[in-house]
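Here's the structure we're looking at; comments come further down.
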Number of protein chains: 2
Amino acid sequence: MTERLVSMLRASDLRVTRQRQLVWEVLQQSHEHLDAEAVHTCAKARDPNISLATVYRTLATLKEVGLVEEHRLGEEHAHFEIVPQTPHYHFTCQACGCIIEFDAPQVMQAVRELSKREDLLIQHVHLFLNGLCSQCQHQQEG
Amino acid sequence: MTERLVSMLRASDLRVTRQRQLVWEVLQQSHEHLDAEAVHTCAKARDPNISLATVYRTLATLKEVGLVEEHRLGEEHAHFEIVPQTPHYHFTCQACGCIIEFDAPQVMQAVRELSKREDLLIQHVHLFLNGLCSQCQHQQEG
DNA sequence: TAGCAAATGAGAATCATTTGCAAAAAGGAG
DNA sequence: CTCCTTTTTGCAAATGATTCTCATTTGCTA
């Protein structure tokens, strides 16, 4: 599990620290999309001394190394997840905040066409939808 | 030009103020994607007293009323633009920061399929790509 | 035109994130 | 295993973006 982390860090001449492993494990064990604060909270359960600054630094590092993705799902703060095998996108319900992940091959196809047409090197593709989920649509009371 | 603003504000029982008109005109006259600071700067050229807080408030209002869209193009701060007739998406170059707008009908098609399959009410669709634009790819020097 | 609620300006406050710096820890060499 | 150099960390202060507070001003309706 942690091999992927170790090899990616080594490949970039970065040290394998307890904190980096911890953040990585937190992200692996949670299949949700955590924000930095939530990662910090989970990490503190196992290392009460880990600081929020380190969490931010680590998330940035993991992102640079290509292990983690950052999403701006609401408007507010960022959420993080381990880079998935198959790319996927996100829908967020504005009422209950639930997140639905989905894939749609047409999107990558469209991106490929654009990238060829405009000669762009595409590094990240973020598709983010919001609106109301099934449940929240059907319970319109206050 | 300003009719659209006036009717939308009236429809929501909001007042038509000098500041709201000014922000609206700034957005119309600039075909770029301005951030709040930039809108403020432009607006101050015509009303030196307009405050940044009012710009933020006005952008939020215009967004609620459906006249303006907010985008998180980089990671940092928000950019705003008048809701376009035809929906479109954004590519940002990580090197030079240029923004390319594009459309791709496949995206809306994919979104429609998802929304039907999962019974979602979709309100906003954000597709955001980043990477390197043609120019920046081909000038790899420091 | 008067009166009231909504909107503004200015600055303080808040939230998320970053940074500076001294102390702690990782990893290579001996 | 220990030493040394360099990277990381923790903490707290700094920053940047955005929001809020509140006294004052301004739209709009009667």
Side-chain angles (χ1 to χ4, degrees), chain A residues 2 5-26 33-41 43-65 67-80 97, chain B residues 2 5-26 33-41 43-65 67-80 97:
Chain A
T2 198
L5 173 70
V6 173
S7 63
M8 293 299 263
L9 288 177
R10 288 266 159 72
S12 300
D13 275 310
L14 294 168
R15 295 182 179 175
V16 179
T17 66
R18 183 167 34 81
Q19 292 87 338
R20 284 173 179 166
Q21 295 180 77
L22 186 45
V23 167
W24 176 248
E25 284 161 22
V26 165
H33 300 71
L34 303 178
D35 56 26
E37 200 77 48
V39 172
H40 184 219
T41 301
K44 269 200 298 194
R46 288 215 267 138
D47 174 355
N49 287 324
I50 190 171
S51 84
L52 182 56
T54 297
V55 170
Y56 273 106
R57 280 186 285 231
T58 301
L59 289 170
T61 302
L62 296 182
K63 197 176 119 189
E64 270 171 33
V65 173
L67 288 169
V68 159
E69 280 180 358
E70 178 177 357
H71 300 285
R72 294 274 166 173
L73 294 180
E75 323 285 338
E76 345 101 350
H77 52 282
H79 288 245
F80 300 85
Chain B
T2 197
L5 173 70
V6 173
S7 63
M8 294 298 263
L9 288 177
R10 290 266 159 74
S12 299
D13 274 312
L14 294 168
R15 297 182 177 172
V16 179
T17 66
R18 184 167 33 82
Q19 291 87 340
R20 284 174 178 163
Q21 295 180 75
L22 185 46
V23 166
W24 176 249
E25 283 162 22
V26 165
H33 300 69
L34 302 178
D35 56 25
E37 201 76 49
V39 172
H40 185 219
T41 302
K44 269 200 299 194
R46 289 215 267 140
D47 173 356
N49 287 324
I50 190 171
S51 85
L52 182 55
T54 296
V55 169
Y56 273 106
R57 281 187 286 231
T58 300
L59 290 169
T61 301
L62 296 181
K63 196 175 121 191
E64 270 171 33
V65 174
L67 288 169
V68 159
E69 280 182 356
E70 177 177 355
H71 300 284
R72 294 275 165 173
L73 295 179
E75 321 285 338
E76 344 103 352
H77 54 280
H79 289 246
F80 300 85

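Residue numbering restarts at 1 for every chain, and letters A, B, ... go by the order of the sequence lines. Every value quoted in this text rests on a predicted model; they were computed, and no experiment measured them.
Between Q19(B) atom CD and dT26(D) atom P there is a gap of 9 Å when expressed in whole angstrom units. We find that CG of L62(B) is positioned 12 Å from P of dA7(C), with the value rounded to whole Å. Following rounding to the nearest Å, E64(B) (CD) and dA6(C) (P) show an atom-to-atom distance of 14 Å. Across the protein-nucleic acid pair, D13(A) atom CG and dT5(D) atom C1' stand 14 Å apart, rounded to whole Å. As rounded to whole Å, 15 Å separates atom P of dC20(D) from atom CG of L59(B). Distance H40(A) NE2 to dT9(D) P: 12 Å, rounded to the nearest Å. Atom pair L22(B):CG and dA7(C):P shows a separation of 17 Å (rounding to whole Å applied). Separating the CG atom of L52(B) from the C1' atom of dT19(D) is a distance of 11 Å, rounded to the nearest angstrom.
D35(A) pairs in a side-chain contact (heavy atoms from CB on, under 4.5 Å) with only one of the listed residues (H71(A), H77(A), H40(A)), which is H77(A).
Counting all heavy atoms, side chain and backbone alike, I50(B) lies closest to A43(B) at CG2-CB, 3.9 Å. Considering all non-hydrogen atoms of both residues, T2(B) and W24(B) come closest at CA-NE1, 4.1 Å.
In this structure, NZ on K44(A) lies 8.0 Å from CG on L52(A), to the nearest 0.5 angstrom. For the atom pair R20(A) CZ and R57(A) CZ, the distance stands at 9.5 Å (nearest 0.5 Å). Separation of atoms CG (L9(B)) and CG (L67(B)) is listed at 7.0 Å; rounding is to 0.5 Å. Within the model, atoms CG of N49(A) and CD of Q19(A) stand 9.0 Å from one another, a figure rounded to the nearest 0.5 Å. Atom CD of E69(A) sits about 8.5 Å away from atom NE2 of H33(A), to the nearest 0.5 Å. Taking CZ from R10(A) and CG from L5(A), the interatomic distance works out to 10.0 Å, rounded to the nearest 0.5 Å.
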Short N/O separations, protein against nucleotides 15-17 of chain D, under 3.5 angstrom:
none

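As judged by a 4.0 angstrom heavy-atom cut-off over every strand, N49(A) is placed among residues touching the sugar-phosphate backbone only.
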key: Sugar-phosphate or base contact per nucleotide [nucleotides 19-26 of chain C; S, B, -; heavy atom under 4.0 Å]   = BB----BB
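For S51(A) (side chain) and T54(A) (main-chain N/O), a donor-acceptor pair under 3.5 Å exists by modelled atom type.
DNA chain D is contacted by both L14(B) and D35(B); D35(B) maps to the nucleotide lying nearer its 5′ end (nearest heavy atom per residue).
Look at T54(A) and you won't find any side-chain N or O under 4.0 angstrom from OP1 or OP2 of dT9(D).
In this structure, the side chains of E70(B) and L59(B) stay at 4.5 Å or more apart for every pair of heavy atoms.
In the helix from dT1(C)-dA30(D) to dG30(C)-dC1(D), the end axes, each obtained as the rotation axis mapping the C1' atoms of four pairs onto the next four within a five-pair block, lie 40° apart to the nearest 10 degrees.
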